[in-house]
Amino acid sequence: MRFSPAGDPGTPDARSATRYLVWLAGRHPVIFGAGLALGVIWMLAQALVPAVLGRAVEAGLAQRDPDALVRWSLALLGLGLVQAVAGILRHRCAVHNWLGAAYRTVQVTVDATNRLGAALPRRVAAGEVVSIGTADIEHIGGAIDITARGVGSVVGIVTVAVILLNASQPLGLVVVLGVPLLMALVALLIRPLHRQQAAYRDSTGRLTARAADIVSGLRVLRGVGGEPVLSERYRQRSQALRADGLRVARVESLLQAAQILVPGVFVVLVTWLGARFALRGEISAGELVSFYGYTAFLVSPLRNLTEAADKLTRGHVAARRVVRLLRLAPEFTDPATPVPVPAGPGELADVRSGLVLRPGRLTALATATPQDATEIADRLGRYADGDVTLHGVPLRDVALATVRERILVADNDAQLFSGVLRTELDPHDRAEPGAVAAALAAASATDIVEALRGGLDGEVAERGREFSGGQRQRLRLARALVADPETLILVEPTSAVDAHTEARIAERLGPARHGRTTLVCTTSPLVLGHADHVVFVEDGKVVAEGRHEELLAAEPRYAATVSREEDR
């Protein structure tokens, strides 16, 4: 089930973040409810121990009744067993809830990034998504985890307050009035902590994004000598993050101190009052022992409540980031009533440019400016809005899943992921036997596999960093060929390879895509010479079509564009 917070799209408010945490808790209602119940039982067992201990002292020792002493000792043993069993089971439920909330957040985040698709890099910084998957899930899991202990602590404090009110109204009033007052003092730290944590989280996301950009463009930076400039900017951002972290640490240190000081002051107060009442004879020795036990017990629930305030604040800040991502709407959605597209190959036409792809042909698109080729490819693949038709049916009226299944756009922004190379080339394990080898041969990438330890079963590092730019480009081409879509659009598939490799790819690409519709956006004469049909675009419009040799002879603008490619 997908989380869909109510309200208008945009930056989520506090309610939507709270709603998201409630939604996470409701994903596993049995385990979450069991955790709450066990937390209450666990804390109640602890709260009743001082009362039973006081009765054992009063009835068994003060009145010298061995039978009463045995009975209350057995009751004390029973409470200890209940506390131990409930504590173990509560902890298991807490771990389950922590993991469920954290990894459910990972799932909905991945789902959101998939829905955004190609729009993701334009809408969200990479560092923001990385921070959600690293830091935020820990805080969200912690917020769900602390709920059981927090509820149990409230019940425990209420139980002790009722017992103390029955035994001594002044002591009971100290608890009833003192606990809310102490929590109000702690709450004064929550608002600045919330604000500082939000600022720190924003700085972390920006710095992570900058680090990712630097790493991905490191080779280019070294080539143009931009390392010192980017290094200095990163250092400045890092110092700003450090300053934000110090501000958070100051507030957190006060909160941590309050977790110890506030319960300690409260315990001292209750103990002092109980001792005075015992000296005046207002309470018995057994009740005094119970009061000491209550004061020792109250340290635990009070610390749990302050810890809950801290973790819920962190979880709320993290949940706001997640909800912000979930609320981003994709640029393109399915039409209200999708129109079916006839089966089999059909003409794919871009009305704006006048480009028409005939089924079963290898078409090359040469443009005077690379931007024109990118825009046309995006429109044909429904990554940008435009008047594009398949079988005469407008693509904007077709379900996106159908468009993605039948039309594949492969450009040089695609990434190689870490894992087994065979799985990287055929992620869905649908290729026919020998299809992967044939695709590697067509992409002139067989030598890459042979050099990789383990071959197709070898491990690929993140982003394929062990490969050169040309090798990554050939592997991306092989992956596109293995997918074998009805229509394949390749954007500059040979821009990073040498001339000999490019010639082999150009010669093999046509036979590898025989009977399938293929568009290659390129100005390489080697590729253009092997195309069945060449289309030349200038200023976003088709100005000439024909064979490569015909256009060279008849169209000076085409010849000038291709000549610039040859002169490089």
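In this text the structure is predicted, and so the values were computed from the model without any measurement.
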Subject >> From Asp385 atom CG to Arg396 atom CZ, the distance as rounded to the nearest 0.5 Å >> reply: 4.5 Å
**OP:** Taking the side chain as every heavy atom from C-beta outward, state whether Ile144 and Trp98 have any atom pair closer than 4.5 Å.
**Re:** no
Original post:
Just wondering, do Arg327 and Val323 contact through their side chains at under 4.5 Å, heavy atoms?
Top reply: yes
Subject >> Residues that His28 engages under side chain to side chain contact (heavy atoms under 4.5 Å, CB included), provided they are two or more places apart >> reply: Ile31, His96, Arg104
Original post:
With Leu400, which residues qualify under side chain to side chain contact (heavy atoms under 4.5 Å, CB included), at least two apart?
Top reply: Phe332, Asp334, Arg382, Arg404
**OP:** Answer whether the closest heavy-atom distance between the side chains of Ile157 and Leu305 falls below 4.5 Å.
**Re:** yes
Original post:
Under a 4.5 Å cut-off applied to non-hydrogen side-chain atoms, are Val460 and Leu475 in contact?
Top reply: no
**OP:** First locate atom CD1 of Ile146, then atom NZ of Lys311, and finally report the distance between them rounded to the nearest 0.5 Å.
**Re:** 5.0 Å
Subject >> By side chain to side chain contact (heavy atoms under 4.5 Å, CB included) - contacts of Leu74 (at least two apart) >> reply: Val70
Subject >> side-chain contact (heavy atoms from CB on, under 4.5 Å) between Trp42 and Leu89, intermediate numbers included >> reply: CA-CA 9 Å; Trp42 174 65; Leu89 295 178; over 6 Å; no
Subject >> Asp111 with Arg115: basic N within carboxylate O range, under 4.0 Å >> reply: yes
Original post:
To the nearest 0.5 Å, how far apart are CG in Asp67 and CH2 in Trp72?
Top reply: 13.5 Å
Original post:
How long is the span from the CG atom in Leu24 to the CG atom in Leu21, to the nearest 0.5 Å?
Top reply: 6.5 Å
Original post:
Is there a side-chain contact between Leu421 and Asp457, using heavy atoms and a 4.5 Å cut-off?
Top reply: no
Original post:
Does a side-chain heavy-atom distance below 4.5 Å link Tyr103 with Gln107?
Top reply: no
Original post:
For the atom pair CG (Leu44) and CD (Gln83), what is the distance rounded to the nearest 0.5 Å?
Top reply: 11.0 Å
**OP:** Could I get the full list of side-chain hydrogen bond (donor to acceptor under 3.5 Å, both in side chains) partners for Glu424, not counting sequence neighbours?
**Re:** Arg479
Original post:
Looking only at heavy atoms, which two atoms of Ala480 and Pro485 are closest? And how far apart?
Top reply: O-CD, 3.8 Å
**OP:** Return the set of residues passing side chain to side chain contact (heavy atoms under 4.5 Å, CB included) with Asp484 (not counting sequence neighbours), or none when no residue passes.
**Re:** Arg513, Arg516
Original post:
Heavy-atom distance under 4.5 Å between the side chains of Val317 and His139, does that happen here?
Top reply: no
Original post:
Does the Thr402 side chain pair with the main chain of Val398, one donor and one acceptor, at a distance under 3.5 Å?
Top reply: no
**OP:** Could you name each residue pair satisfying side-chain hydrogen bond (donor to acceptor under 3.5 Å, both in side chains) that touches residues 144-153, not counting sequence neighbours?
**Re:** Arg149-Glu307, Ser153-Asn304
Original post:
Given side chains that start at C-beta, do those of Val40 and Leu36 come closer than 4.5 Å, heavy atoms only?
Top reply: no
Original post:
Can you name the nearest heavy-atom pair linking Ile407 to Gly381, along with the distance?
Top reply: CG2-CA, 4.1 Å
**OP:** Kindly indicate, with the supporting measurements, whether the criterion side-chain contact (heavy atoms from CB on, under 4.5 Å) is fulfilled by Arg19 and Ser16.
**Re:** CA-CA 5 Å; Arg19 195 179 300 122; Ser16 60; 4.0 Å; yes
Subject >> Gap separating the NE2 atom of His316 from the CZ atom of Arg321, nearest 0.5 angstrom >> reply: 12.0 Å
**OP:** Check the pair Val49 / Phe297 against side-chain contact (heavy atoms from CB on, under 4.5 Å), numbers first and verdict last.
**Re:** CA-CA 9 Å; Val49 165; Phe297 161 75; over 6 Å; no
